[in-house]
Protein chains: 2
Amino acid sequence: MKASLKSIAKDLNISPGTISRVLNGKAKEYRISEATVKRVKAYAQKVGYTPNLVAKSLQASKSFTIGLILPDISNPFFSTMAKHIEQQASAMHYSILLMDSDEQLEKETKALQQLYSRKVDGIILCPVGFEGSHYKEQFKDMGIPVVFVDRYLKGIDVPFVSSNNYKGAYDAVEFLIQKGHKTIGLIQGDQKLLTVNEREKGFKEALQDYNISFNANLLLGNGFNEENGYVSMLQLLKEKNKPTAILCMSNQICMGVLKAAKELQLNLPQDLSIISFDENPYAEYITPSLTTIKQHNDKMGAKAFNLIYDLIQDQKSEDPSFLIDTEIIERGSIFDLL
Amino acid sequence: MKASLKSIAKDLNISPGTISRVLNGKAKEYRISEATVKRVKAYAQKVGYTPNLVAKSLQASKSFTIGLILPDISNPFFSTMAKHIEQQASAMHYSILLMDSDEQLEKETKALQQLYSRKVDGIILCPVGFEGSHYKEQFKDMGIPVVFVDRYLKGIDVPFVSSNNYKGAYDAVEFLIQKGHKTIGLIQGDQKLLTVNEREKGFKEALQDYNISFNANLLLGNGFNEENGYVSMLQLLKEKNKPTAILCMSNQICMGVLKAAKELQLNLPQDLSIISFDENPYAEYITPSLTTIKQHNDKMGAKAFNLIYDLIQDQKSEDPSFLIDTEIIERGSIFDLL
DNA sequence: CTGAAAGCGCTTACAG
DNA sequence: CTGAAAGCGCTTACAG
């Protein structure tokens, strides 16, 4: 039989209230006698008392739990974020209820309901939907704070933490230009995503700042997946004005590009330079080793937790959204034209 | 203000008990009049009633939550497992409380306590410790079912699901032998792990079955990490009787091997053939493309959930432990000597 | 210094 | 067919 305040109270002939008070370190505050404090602590120790957190949650209407909804936890990009969120959370005595929306809006909606029912104190969400209004509707009556991570939306007033996608793309293009590239292709993720729009903007502005005219034929694709990378790459190589370098908006797009390059027996990076968003542990061992735009999703995760944590403490927090700079990890996939 | 049974009861002038009964689909059972059923349902719908699961958990002493403790959620090996566990769980209306032990026994212990306090219905654990007795002590009074996943221990009666590590290693060596290799190195993970022992056994027995004498100098290493792969590889190449092929016990070990090979400018796979445990999405694009021993951790995850689920339903379940066969994914890192 | 009581939101055996 | 009551394990304002 597990010990409860009640059982201890009975055994010790002290009221449950008092037991609660000493076990919660409120002995001083309530001026409880040294004697009883000692007795209670010793006995609790002896019977191995552990507080029932669900009872505590019910009475406090606070669960010390936060919900985390990710589109694909098996993707290292998200799982490293999850790791850092969990790390921060457990340091602050919060637990994580994890849900995988599998990029499906329906599952996400269910997850949100579930989390609400479970009375989490806050939610960190990487949304799979595009419409702010859709979410606004859902969050409206929940009455619990929400924070977006990685992806975010306009038309809804939810703080977010994301990479500085604009700058990431800008820097990448600038980097390419500095190596002498002037004809640069861009393979995009889903165009409904704000993060994708930001990157596109960075791409275009960098070209502009360096007086390179933008060729719309070199901007294509519409998805973060490998298939899109593959198809777009094939398309790109058919252009009369073929790119000498290519910027991939994700890991998986890059894999599709690599696949196409392999099939076509391109000689990388001489025939084509590649730079891609998202770092990966194998980048070093691919041929050529991959120059990447690393997103600091460890920081993103930690920051997302801190944000939701602050929000839980006191709702006030003016425009707490946060952009984290990316970093170019230079390896061997960019050919120096100069 | 969120609706509760009580608030609805008050608004409708019906007792909370009755509200509870109709909302839980027990109207028939309690022969509640069609009229009230309709009223209640309509009103609950209107005010958007959602049950408070923490209250429900408290009263039922059942939380429909399971705890998942993994040594490193950022590792794709574990995160794909997590994904499939979550998928199964949510299909059965269970939620996952995720904890990352970060390969530290201390964090694992805390996680276990936390989960116990949170009254999860069961725990899926990939243990970082080695001693059965250590865990036996901890699980003894918890009174909630536990299942090991991937790693398991002797000296403790806890069901587990893992890869068939013995067979995985055996098959790999056999595969190598069939390509004409006779001098085969093995770089191990942590030797205190049963899974590592099993693989070692498979390695040795395959050699034996093919009448190849075992050379203890070719078996080395003691950790799943990259560093160990690197150091062991260097060591291995100093042998008078250098291996023509090498079996790595993990992804990360393999990366260390690749790193060393690159530094030494080995010509792979001619100079050295490589086969490694753990599939990875980049295996195709590494040079040479990597032949791997794939662990089906999707199945492992799903099975682990099913196991704990059964255990939660009724404790009986005789020797439910489960080994899942691995699969060799043949690519280009094995040189055919024949 | 400590206890009795009420309440967090639910469910269910007991009555009628 | 439906209500009142007790209880899940906790905490805390109120008394004394």
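Protein chains get the first letters and strands the later ones, always in sequence-line order, with residue 1 at the start of each.
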Enquirer: Could you pull out all residues at least two apart from B/F130 that satisfy ring pair (Phe, Tyr, Trp, His ring centres under 6.0 Å)?
Expert: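 Partners of B/F130 by the ring pair (Phe, Tyr, Trp, His ring centres under 6.0 Å) criterion come out as none, since no residue qualifies.
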Enquirer: Test of understanding: with salt bridge (charged side-chain N to carboxylate O under 4.0 Å, His left out), list the residues that count as partners of B/K107, not counting sequence neighbours.
Expert: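 B/K107 satisfies salt bridge (charged side-chain N to carboxylate O under 4.0 Å, His left out) with B/D102 only.
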Enquirer: Between C/dG9, D/dC10, C/dT2, which nucleotide gets closest to the side-chain atoms of A/Y49?
Expert: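 Among C/dG9, D/dC10, C/dT2, the one nearest the side chain of A/Y49 is D/dC10.
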Enquirer: Mind checking what makes salt bridge (charged side-chain N to carboxylate O under 4.0 Å, His left out) contact with A/E131, not counting sequence neighbours?
Expert: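 Per chain and number, A/E131 pairs via salt bridge (charged side-chain N to carboxylate O under 4.0 Å, His left out) with no residue.
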Enquirer: Just distance, no hydrogens or angles: give the donor-acceptor pairs under 3.5 Å from side chains in residues 116-125 of chain A, sequence neighbours left out.
Expert:
unit_1	atom_1	unit_2	atom_2	d
A/S117	OG	B/P51	O	2.8
A/R118	NE	A/Q114	OE1	2.9
A/R118	NE	B/S95	OG	2.8
A/R118	NH1	B/S63	O	3.0
A/R118	NH1	B/T65	OG1	2.9
A/R118	NH2	A/Q114	OE1	3.3
A/R118	NH2	B/F64	O	2.7
A/R118	NH2	B/S95	OG	3.4
A/D121	OD1	A/S63	N	2.9
A/D121	OD1	A/S63	OG	3.4
A/D121	OD2	A/K62	NZ	3.2
A/D121	OD2	A/S63	N	3.4
A/D121	OD2	A/F64	N	2.7

Enquirer: Is it the case that the side chains of B/Q138 and B/H134 hold a donor-acceptor pair, with the cut-off being a distance below 3.5 Å and no angle test?
Expert: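 Yes, side-chain donor-acceptor contact under 3.5 Å.
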Enquirer: May I ask you to verify if any side-chain N or O of A/K56 is less than 4.0 angstrom from the OP1 or OP2 atom of D/dG9?
Expert: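 Checking D/dG9 against A/K56, no side-chain N or O comes under 4.0 Å of OP1 or OP2.
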Enquirer: Please compare B/I14 and A/V54 by the position of their nearest nucleotide in DNA chain D and report the one closer to 5'.
Expert: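 Of the two residues, B/I14 wins.
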Enquirer: According to salt bridge (charged side-chain N to carboxylate O under 4.0 Å, His left out), does anything in residues 85-94 of chain A pair up with another residue at least two apart or in another chain? List the pairs.
Expert: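 Pairs touching residues 85-94 of chain A that pass the test: none.
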Enquirer: Would you write out the dot-bracket form of DNA chain D, 5' to 3', with Watson-Crick and G-U pairs under 3.5 Å, [ ] for crossing pairs, | for pairs to other strands and . for unpaired bases?
Expert: |||.||||||||.|||
Enquirer: OP1 or OP2 of D/dG3 versus the side-chain N and O atoms of B/S15: is any pair under 4.0 Å?
Expert: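 Yes, B/S15 has a side-chain N/O under 4.0 Å of OP1/OP2 on D/dG3.
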Enquirer: Please report the distance, rounded to the nearest Å, between CG in A/L53 and P in D/dG9.
Expert: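 These atoms are roughly 14 Å apart.
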Enquirer: For A/S163, enumerate each residue passing the side-chain hydrogen bond (donor to acceptor under 3.5 Å, both in side chains) test, keeping only those at least two apart in sequence or located in another chain.
Expert: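 Scan of A/S163 (side-chain hydrogen bond (donor to acceptor under 3.5 Å, both in side chains), adjacent residues dropped) gives A/Q295.
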Enquirer: What's the CD1-P distance between B/I19 and C/dG9, to the nearest Å?
Expert: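 Distance, rounded to whole Å: 15 Å.
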Enquirer: Could you list the protein-to-nucleotides 6-8 of chain C atom pairs, N/O on both sides, closer than 3.5 Å?
Expert:
unit_1	atom_1	unit_2	atom_2	d
C/dC8	OP2	B/K6	NZ	3.1
C/dC8	O2	A/Q59	N	3.4

Enquirer: May I have the distance from A/K62 (atom NZ) to D/dC10 (atom P), rounded to whole angstrom?
Expert: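 Rounded to the whole Å, the gap is 18 Å.
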Enquirer: Show me the donor-acceptor pairs, under 3.5 Å and distance only, between side chains in residues 144-154 of chain A and residues at least two apart or in other chains.
Expert:
unit_1	atom_1	unit_2	atom_2	d
A/R151	NH1	A/E103	OE1	3.3
A/R151	NH1	A/P127	O	3.2
A/R151	NH2	A/E103	OE2	2.8

Enquirer: With sequence neighbours excluded, tell me which residues meet side-chain hydrogen bond (donor to acceptor under 3.5 Å, both in side chains) with B/D298.
Expert: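 B/D298: no side-chain hydrogen bond (donor to acceptor under 3.5 Å, both in side chains) contacts found.
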Enquirer: Expressed as a whole number of angstroms, how long is the span from A/R39:CZ to C/dC1:P?
Expert: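 My rounded result for the distance is 16 Å.
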Enquirer: Among residues 20-36 of chain B, which contact DNA chain D at a heavy-atom distance under 4.0 Å?
Expert: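 Hits under 4.0 Å, by residue number: B/R21, B/Y30, B/R31, B/I32, B/S33, B/T36.
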Enquirer: Test of understanding: with side-chain hydrogen bond (donor to acceptor under 3.5 Å, both in side chains), list the residues that count as partners of B/T50, not counting sequence neighbours.
Expert: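 With sequence neighbours excluded, B/T50 shows a side-chain hydrogen bond (donor to acceptor under 3.5 Å, both in side chains) to no residue whatsoever.
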Enquirer: For B/P16, is there any backbone N or O sitting under 3.5 Å from a side-chain donor or acceptor partner on B/S20?
Expert: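 It does not hold such a pair.
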